[in-house]
Protein chains: 2
Amino acid sequence: MRLTAFSDIALRVLLLTGAAPEGEKLTTRAIAEGVGAPYHHVTKTVGRLSGLGLLASSRGRAGGVSITPAGLDASVGALLRELEAGSAMVECEAPGGSCPLDRSCRLRRVLADAREAFFRELDDVRVRELVSGRQAGPVLVSIGLRPPEQPGSTAAAPIP
Amino acid sequence: MRLTAFSDIALRVLLLTGAAPEGEKLTTRAIAEGVGAPYHHVTKTVGRLSGLGLLASSRGRAGGVSITPAGLDASVGALLRELEAGSAMVECEAPGGSCPLDRSCRLRRVLADAREAFFRELDDVRVRELVSGRQAGPVLVSIGLRPPEQPGSTAAAPIP
């Protein structure tokens with residue numbers, strides 16, 4: 001059982017932009033490098049996620065892509081329900097599917113119910129909960145961002 | 001979101017053999033034709049399902065493949081949990097997966113939980129419930145089996 005490549009990349013893009021220091025804008029090229037996916041796939045994904053209000057992107061020298069508050073608060077279940085809509089769970093549902101049992105099949109209804117149970121399980125999971133700037137640090141640094149702050153690292157240790 | 005091709009074919013094989021008239025044995029070639037899948041994939045699937053006790057197969061002139069009582073009673077959830085074990089939901093889980101965020105990712109745990117919810121939803125669905133000999137009739141006839149009996153068709157209509 002596998003998510004579509006589109007959903008897979010979309011989740012990675014949200015995890016990466018969500019882990020970036022606040023206010024930091026990333027180029028699409030840096031995101032593609034950071035998530036290890038082809039540039040033109042990432043471009044399409046960024047466009048779709050921007051259309052859903054989960055990313056903000058601006059053009060120009062100071063432009064770039066960043067996650068929005070709505071992106072951080074996005075429900076993973078709701079997002080996947082949106083992105084996976086219309087994808088086929090079994091070949092017979094796909095365009096040109098070749099199963100001759102198609103017309104006699106009650107399987108699709110029960111698979112659709114099970115898919116909904118899958119989404120429901122993720123409805124209460126927010127992108128924010130999956131994001132860890134500190135753990136994503138090496139990737140952020142590799143694409144030219146500053147290392148994420150360590151908690152307490154800027155304050156002097158209290159003298160007892 | 002899509003099941004693996006192996007699970008997809010396995011479900012079709014169970015639906016077809018489950019719809020065949022009781023005691024009827026099918027050749028693997030007829031099953032392949034009936035489910036619209038390549039012969040060598042179906043051979044592998046029949047082997048796996050026989051190993052799980054869901055199909056019975058015998059060699060020789062009078063040999064063939066038929067579903068077992070355990071096959072008809074099989075839970076779709078339990079079967080998919082078995083067949084999908086080890087399959088990757090996202091690329092990073094796959095061998096050679098390329099996501100650089102791998103180490104910082106909390107996504108896999110929540111996806112694994114959601115997948116379990118998917119299986120759980122199907123735990124109470126039995127192969128028997130998905131099978132309809134009457135509706136699969138045209139496919140059964142096309143692979144050389146007799147048409148399934150219509151309820152009441154052998155008895156004379158009662159005279160009022």
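Expressed to the nearest 0.5 Å, how far CG of B/Leu107 lies from CG of A/Leu3 amounts to 8.0 Å. Taking CE of B/Met89 as the start and CG of A/Leu11 as the end, the distance is 10.0 Å to the nearest 0.5 Å.
Using a 4.5 Å cut-off between heavy atoms, A/Glu129 contacts chain B through its backbone alone, with no side-chain atom that close. For A/Val110, the parts lying under 4.5 angstrom from a heavy atom of chain B are both the backbone and the side chain.
You'll find the side chain of B/Met1 stays beyond 4.5 Å of the side chain of A/Arg2, heavy atoms only.
Of residues 70-84 of chain B, those residues with a non-hydrogen atom less than 4.5 Å from any non-hydrogen atom of chain A are, in numerical order, B/Leu80, B/Glu84.
With sequence neighbours left out, B/Arg120 forms a salt bridge (Lys or Arg N to Asp or Glu O under 4.0 Å) with A/Glu121.
Among A/Ala114, A/Ala5, A/Ser7, the residue making the largest number of heavy-atom pairs under 4.5 Å with chain B is A/Ala114.
More than 12 heavy atoms of other residues, nucleotides or ligands shown are found within 6.0 angstrom of CG on B/Asp113.
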